[in-house]
Number of protein chains: 2
Amino acid sequence: MKAHSSIVAQESRGAPGRSGPSMSAVPFMQPGDGSAVSLLDAAETERLAGIASIVCFAKGARIYEAGDKAESIYNVIKGEVKTFCALSSGRRRITAFLCSGDLLGLAENGLYISTAQALTPVTAYRLPLNALDHLLRGDPVLEHRFLCKLCHDLRAAQSHAIMLGRHDALGKLAMFLQQLAAKNPNGSTLARGIFLSMTRSDVADYLGLSLEAVSRSFHKLEQLGIIRLDDRHVIQIVDQARFDKLVAAA
Amino acid sequence: MKAHSSIVAQESRGAPGRSGPSMSAVPFMQPGDGSAVSLLDAAETERLAGIASIVCFAKGARIYEAGDKAESIYNVIKGEVKTFCALSSGRRRITAFLCSGDLLGLAENGLYISTAQALTPVTAYRLPLNALDHLLRGDPVLEHRFLCKLCHDLRAAQSHAIMLGRHDALGKLAMFLQQLAAKNPNGSTLARGIFLSMTRSDVADYLGLSLEAVSRSFHKLEQLGIIRLDDRHVIQIVDQARFDKLVAAA
DNA sequence: CGCGGGGTTGAGAACCGTCAAAAGTAGTGG
DNA sequence: CCACTACTTTTGACGGTTCTCAACCCCGCG
C-alpha cells in the first residue's frame, strides 16, 4: 500500500456552480457521423458537480492502484491518463488511454482492476461511489448517460482487441495513430498533427509489441513517406491514402 | 442484405408471467469470490418480460448482421452465440462468446457493430430498443442492473485484450480454457470438464491465432500431460498446477 | 560534465503464419 | 445400412516477422 506515496495528489473542493463533469461518447442509437458528442447538459453536469471534488495529479502520479478498494470513479477534465495491469512476468499491458471527458475507475468486487497513472499533469473530478450510486438511483436520465458512456468504452475495448489481433506491427501502429487522430478534435495543436503524450514503451504495452518493434515501425512508416515525425511526439500523416490502406489491410 | 435468409428464425410471443430475462455478472462493488451472480430479482425479470418476446435460432443462424439497423438487444436464455467483425482481408475476429444470462446487440449510431451467430441452437429474449429505453428511463434500479452488466462486459473485453497481447500460443489457449472453465458453473456436464461449443477456427479467430496454431497447441498441451481431450470438444485439466503456471506466465 | 531515462539500431533465434495435403467427422440421401 | 460429400481437424515443411539480447545514441537535468 505504498501507492500515492512518492507524488502527493493535490485536492480541492468541488467547483460550485459554474462548471462540472463532462462526458463524451459516440451515441448508441442516434445516427451520426461516428464522432463523439457531449453526453451531459448543463443541469446534469451541475447535479454531478454536487458530489464531485477536483483532484490534481502530477505527471507520473498514480491515481489509484489495482487491488485498492474502489471508493471513487474519476472524470478527467484535463490531461491524459493510462490504465494498465501489471502482468506476472513484470511486463505491463495498457488497457486504455483516457483524456478529457473520459471516466476511469472500473472495479470488480469493490477493487480496482487496473492501475491508473497520469501521463501528463492531470485535473479530474472525483466522484465518490456511494454518492454517485445514490444519485443515479434517483436520476434515471443521468444514469442513462453513464450507460451510453459504458457502451462507448466497451466498443473501444473491442476495437482495441481487434487491433491486438493483428500481426503486422506497421498495421497496428497505423491503427493506433488513426484512433488517436479520431479521438482528438482535428487541429488540437497543429493542423492534422497527432500528439503522443505517451512513451514508445507505453505504445508497445498498448499494442502488444516490443518497444523496439514500435521504434522500428515508426521509422519504417517515415521511410515509406507515410508519416513524418516533427518531434518524437508529434506525428504528421503525409500520405493519407496509403495510411488508410495500411489501416484497412487487417 | 441477404442476412437471415437461408435459416429462418422462429419467433413466438413472450413468456407471460412465469419466467423471463436474466442477467449475470461479477459485481462492481460488493466484495465476493469473483464469481458471477444473478443480477435480476423476480420483479425486475417480470418487468423486462413485459416488453420481451422469445426468439429461436438454429445452429449457424445469424441473429443480426454488422451494419444492420439496431432495433433490439437480445438476452440469451439457452445456447451459445459468437459475435464477430469481418475484417477487410476476409478474416474475422471474434469479439465475444455469449451464453445464458448474457446480453448482445451493442450498436453505434444506431447500427450493430458486429455480427451475431448461433454456435448451437439458441433461445433468447428479444428486447426492442425503444421499449427498453422507455422502460429504463422510468426504472433506475433496473437500469442500474444494465450498468452492472456493461461493467462486467467491459472487464471481459479488457481481459480479452490482455489475452490477445500474449505472444505464446500455449499461454493464450490456457488462458482461454481457464476463462471458459470460470464462466461455466463447475460440473456443468462432467466434473471439471470444459465443453467447447465452438470450432478450432472460432477459437483461432478469438485468440488471434491461425487455426493450425490452435490445433497444434491443443496437441501440445495434451502431450505435456496438462490437459486431456475426451472428445475434441470436451477438455479435462489433468495437471492444474502446471496449467495455472502457464496461465500466469504472461 | 556526468548521469539516467527514453529511444534507436543491429544480429541471431524462436515462434507462428502460410501453403499444402491427408485424415477424421458429420450430415444427407439413396 | 451404407456411400457420398462437405466440413473440420490434423500434420508437415518452409519462410517471414517479431522477440530477445546487446550496444549505442540522444537529450534534459542536476
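Each chain gets a letter, A, B and so on, in the order the sequences are listed, and its residues count up from 1. Keep in mind the model is a prediction, meaning the values are calculated, not measured.
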Separation of A:Arg92 CZ from A:Ser114 OG (nearest 0.5 Å):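 A:Ser114 atom OG to A:Arg92 atom CZ measures 12.0 Å (nearest 0.5 Å).
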Please examine the side chains of [Y] and [X], heavy atoms only from C-beta on, and report whether any two atoms are closer than 4.5 Å.
{"X": "B:Ile113", "Y": "B:Cys85", "result": "no"}
{"X": "B:Ile162", "Y": "B:Met175", "result": "yes"}
{"X": "B:Ile54", "Y": "B:Tyr125", "result": "yes"}
{"X": "B:Ile94", "Y": "B:Met198", "result": "no"}
{"X": "A:Leu177", "Y": "A:Ile237", "result": "no"}
{"X": "B:Met163", "Y": "B:Gln179", "result": "yes"}
{"X": "A:Leu170", "Y": "A:Leu224", "result": "yes"}

request  = Could you walk me through whether B:Arg93 and B:Leu164 pass side-chain contact (heavy atoms from CB on, under 4.5 Å), step by step?
outcome  = CA-CA 11 Å; B:Arg93 195 98 295 163; B:Leu164 283 163; 5.6 Å; no
task = Could you check B:Tyr112, B:Phe84, B:Phe57 and say which one makes a ring pair (Phe, Tyr, Trp, His ring centres under 6.0 Å) with B:Tyr64?
result =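 The passing option is B:Tyr112.
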Does CZ in B:Arg91 sit with more than 12 non-hydrogen atoms of other residues, nucleotides or ligands closer than 6.0 Å?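 Not more than 12 within 6.0 Å, no.
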- Query: Of the residues in residues 165-173 of chain B, which ones touch DNA chain D at a heavy-atom distance under 4.0 Å?
  - Reply: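 Within this stretch, B:His167 sit under 4.0 Å of the strand.
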*asked:* Salt bridge or not between A:Asp68 and A:Arg62? Use side-chain N to carboxylate O under 4.0 Å.
replied: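 A salt bridge is absent here (no side-chain N lies under 4.0 Å from a carboxylate O).
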- Message: Applying ring-ring contact (aromatic ring centres under 6.0 Å, His included) as the test, list every pair that has at least one member in residues 200-250 of chain B; sequence neighbours left out.
- Response: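 Counting only pairs at least two positions apart or across chains, the ring-ring contact (aromatic ring centres under 6.0 Å, His included) contacts touching residues 200-250 of chain B are B:Phe97-B:Tyr206, B:His160-B:Tyr206, B:Phe176-B:Tyr206.
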Q.
I'd like the 5' and 3' limits of the part of DNA chain C contacted by chain B, with heavy-atom contacts below 4.0 Å.
A.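 First and last nucleotides in contact are C:dC16 to C:dT25.
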The test is side-chain hydrogen bond (donor to acceptor under 3.5 Å, both in side chains); show your working for A:Ser215 and A:Arg200 and say whether it passes.
CA-CA 7 Å; A:Ser215 183; A:Arg200 296 282 187 267; 5.3 Å; no
- Message: Tell me which residues in residues 79-91 of chain A lie within less than 4.0 Å of DNA chain C, going by non-hydrogen atoms.
- Response: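 Hits under 4.0 Å, by residue number: none.
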Subject >> Terminal axis angle for the helix from C:dC1-D:dG30 to C:dG30-D:dC1, five pairs an end, nearest 10 degrees >> reply: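 Roughly 40°, once rounded to the nearest ten degrees.
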Steps toward side-chain contact (heavy atoms from CB on, under 4.5 Å) verdict (B:Leu173, B:Val203) | CA-CA 8 Å; B:Leu173 186 58; B:Val203 176; 4.1 Å; yes
B/S/- along nucleotides 7-15 of chain D (protein heavy atoms under 4.0 Å) is --SBBBB--
